[in-house]
Amino acid sequence: MHRISRRTALALPAIIGASTGALAQGRQLVIATGTTGGVYYPLGGALGNYLSRALPNTSATAEVTAGSTANFQLLGANRAQIVFGQVDAAVDSVRGAGQFRGRQVPTRAIAVLYTNRMQVVTTADRNIRSMADLKGKRISTGAPQSATELFATRLITAAGLNLNSDFRGRERLSPAESTNAIRDNKIDAYFFVSGVPTSAITDLAATPGTQIVLVDHAEFLEPIVRESGPVYFAEEIPANTYPGQTQPNKQLSVANILAMREDASPDLVRSVLTTVWENREDWARVHAEARNFTLQQQKTAAAGVPWHPAAEAFWRGLGANLG
């Protein structure tokens with residue numbers, strides 16, 4: 001029988017405790033999502049649950065953030081390992097442009113998710129029927145560092161309006177805050193880019209005595225693409241997507257991606273993708289937009305930024321024609 005020295009015996013509790021603590025701590029994954037009134041947050045919460053269950057000794061948590069721009073900044077600082085984000089903000093992050101000027105982020109796409117639709121939201125009593133009608137009104141362009149703010153400022157410019165001089169007031173509110181501000185007569189219209197339907201707009205549309213209006217703006221596709229590149233495209237939100245929405249909305253859209261850093265472990269990237277792909281049917285029950293997470297969506301042009309090599313191999317292995 002081997003005898004244990006007194007010094008070793010005294011040290012054992014500390015060694016065991018440290019080992020147990022390391023195992024208990026395990027791997028922490030932060031998933032950067034968006035505001036609670038949008039689509040990223042519920043999808044991110046579900047993704048965190050899937051990963052925590054599927055990956056050994058891993059805790060994955062979804063964090064509320066201002067949105068895409070903030071998410072890619074968190075990715076650049078390595079304070080988030082998985083992020084939801086719009087392609088326009090992703091492209092800026094890789095180029096070091098816009099709010100990323102001088103601070104390039106090694107953003108890599110791991111999946112193309114669904115389309116984010118720009119929604120210019122008002123109510124019938126404000127008499128706003130076009131982008132031109134917004135002149136002299138009080139607006140919200142989305143939370144600071146959000147993808148809504150990025151897209152809204154580009155759309156306003158493309159529509160020939162001056163953000164600094166053509167409005168009676170400009171707020172920078174989340175979608176839920178914007179809905180409350182319209183109800184309280186503090187603003188006349190707000191911008192929000194998200195999947196549809198989104199809860200904040202549904203809440204406004206369901207308010208008794210309120211008739212929502214979604215302002216058409218697809219005619220500004222050419223100037224916005226000319227200035228910002230071919231990341232935007234025209235789509236239509238069908239009538240009755242929201243309560244009382246009797247007309248289809250001709251609007252502009254941009255794709256969403258799930259992204260990680262270029263230096264993310266290939267094994268981790270494969271594990272994340274395997275987990276989310278195997279849970280895609282449940283994900284679609286969390287929010288209807290997840291039904292659009294399909295093999296056909298995985299296109300290099302839609303991703304906008306380079307693929308992580310492990311993600312590219314994953315999708316090709318499933319038979320995706322990345323293009």
Side-chain angles (χ1 to χ4, degrees), residues 11-36 38-85 89-90 93-94 103-113 145 256-287 290 293 298 303 305-318:
L12 275 175
I15 295 170
I16 293 170
S19 177
T20 303
L23 286 172
Q25 183 179 10
R27 176 171 55 188
Q28 304 291 318
L29 296 178
V30 173
I31 304 168
T33 62
T35 60
T36 56
V39 177
Y40 289 169
Y41 183 67
L43 290 183
L47 176 58
N49 290 333
Y50 304 149
L51 294 174
S52 295
R53 291 198 305 262
L55 306 187
N57 202 31
T58 296
S59 173
T61 57
E63 299 291 340
V64 176
T65 71
S68 294
T69 300
N71 291 354
F72 291 116
Q73 290 172 339
L74 290 170
L75 190 68
N78 216 8
R79 291 170 54 196
Q81 289 71 51
I82 305 168
V83 304
F84 288 77
S93 77
V94 170
R103 294 174 288 111
Q104 289 177 295
V105 179
T107 302
R108 294 295 179 264
I110 68 166
V112 179
L113 300 177
Q145 297 185 305
N256 291 291
I257 59 172
L258 205 59
M260 296 176 72
R261 289 174 60 96
E262 181 182 24
D263 56 5
S265 157
D267 287 342
L268 178 58
V269 172
R270 280 190 293 269
S271 295
V272 170
L273 287 174
T274 298
T275 300
V276 70
W277 188 248
E278 289 177 349
N279 285 278
R280 64 189 183 280
E281 291 184 7
D282 184 77
W283 222 25
R285 287 190 283 270
V286 173
H287 195 283
F293 174 46
Q298 310 312 311
V305 298
W307 292 103
H308 189 288
E312 184 174 5
F314 178 87
W315 293 118
R316 290 195 188 280
L318 289 180

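Numbers here are sequence positions counted from 1. Bear in mind that the values here come from a model prediction, so they are computed numbers and not experimental data.
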Closest non-hydrogen atom pair between [X] and [Y], with its separation:
{"X": "Val269", "Y": "Ala264", "answer": "CG2-CB, 4.0 Å"}
{"X": "Thr274", "Y": "Phe314", "answer": "OG1-CE1, 3.5 Å"}
{"X": "Ala303", "Y": "Ala109", "answer": "CB-CB, 3.9 Å"}
{"X": "Thr107", "Y": "Ala259", "answer": "CG2-CB, 3.9 Å"}
{"X": "Pro42", "Y": "Val286", "answer": "O-CG1, 3.5 Å"}
{"X": "Asn57", "Y": "Gly26", "answer": "ND2-CA, 3.3 Å"}

Task: Thr58 side chain vs Pro56 backbone, donor-acceptor pair below 3.5 Å - done: yes
Going from [atom1] on [X] to [atom2] on [Y], what distance comes out if it is rounded to the nearest 0.5 angstrom?
{"X": "Ser52", "Y": "Leu29", "atom1": "OG", "atom2": "CG", "answer": "7.5 Å"}
{"X": "Arg270", "Y": "Ser265", "atom1": "CZ", "atom2": "OG", "answer": "7.5 Å"}
{"X": "Trp277", "Y": "Tyr50", "atom1": "CH2", "atom2": "OH", "answer": "13.5 Å"}

Task: From CA spacing to verdict: side-chain contact (heavy atoms from CB on, under 4.5 Å), Gln298, Leu318 - done: CA-CA 11 Å; Gln298 310 312 311; Leu318 289 180; over 6 Å; no
Task: Asn71 and Tyr40 side chains, donor-acceptor separation under 3.5 Å - done: no
Sequence neighbours left out, cut at 3.5 Å: what donor-acceptor pairs do the side chains of residues 72-84 make with other protein atoms?
from, atom 1, to, atom 2, distance (Å)
Gln73, OE1, Gln145, NE2, 2.6
Gln81, OE1, Val30, N, 2.8

TODO: Scan Leu51, Leu43, Thr61 and name whichever one has a side-chain contact (heavy atoms from CB on, under 4.5 Å) with Ile31.
DONE: Leu51
- [ ] With side-chain contact (heavy atoms from CB on, under 4.5 Å) as the test, would you mind laying out the steps for Trp283 and Leu113 before giving the verdict?
- [x] CA-CA 11 Å; Trp283 222 25; Leu113 300 177; 4.0 Å; yes
Task: Leu273 vs His308, side-chain contact (heavy atoms from CB on, under 4.5 Å): CA-CA, chis, key distance, verdict - done: CA-CA 12 Å; Leu273 287 174; His308 189 288; over 6 Å; no
Task: Close side-chain approach of Leu47 and Thr33, heavy atoms under 4.5 Å - done: no
Task: 4.5 Å side-chain heavy-atom contact, Phe293 and Asn256 - done: no
Open item on the list: Enumerate the salt bridge (Lys or Arg N to Asp or Glu O under 4.0 Å) contacts for residues 305-315, please, sequence neighbours excluded, ordered by first and then second residue.
Closed with: Glu312-Arg316
- [ ] Kindly state each residue pair satisfying salt bridge (Lys or Arg N to Asp or Glu O under 4.0 Å) with at least one member in residues 60-74, sequence neighbours excluded.
- [x] none
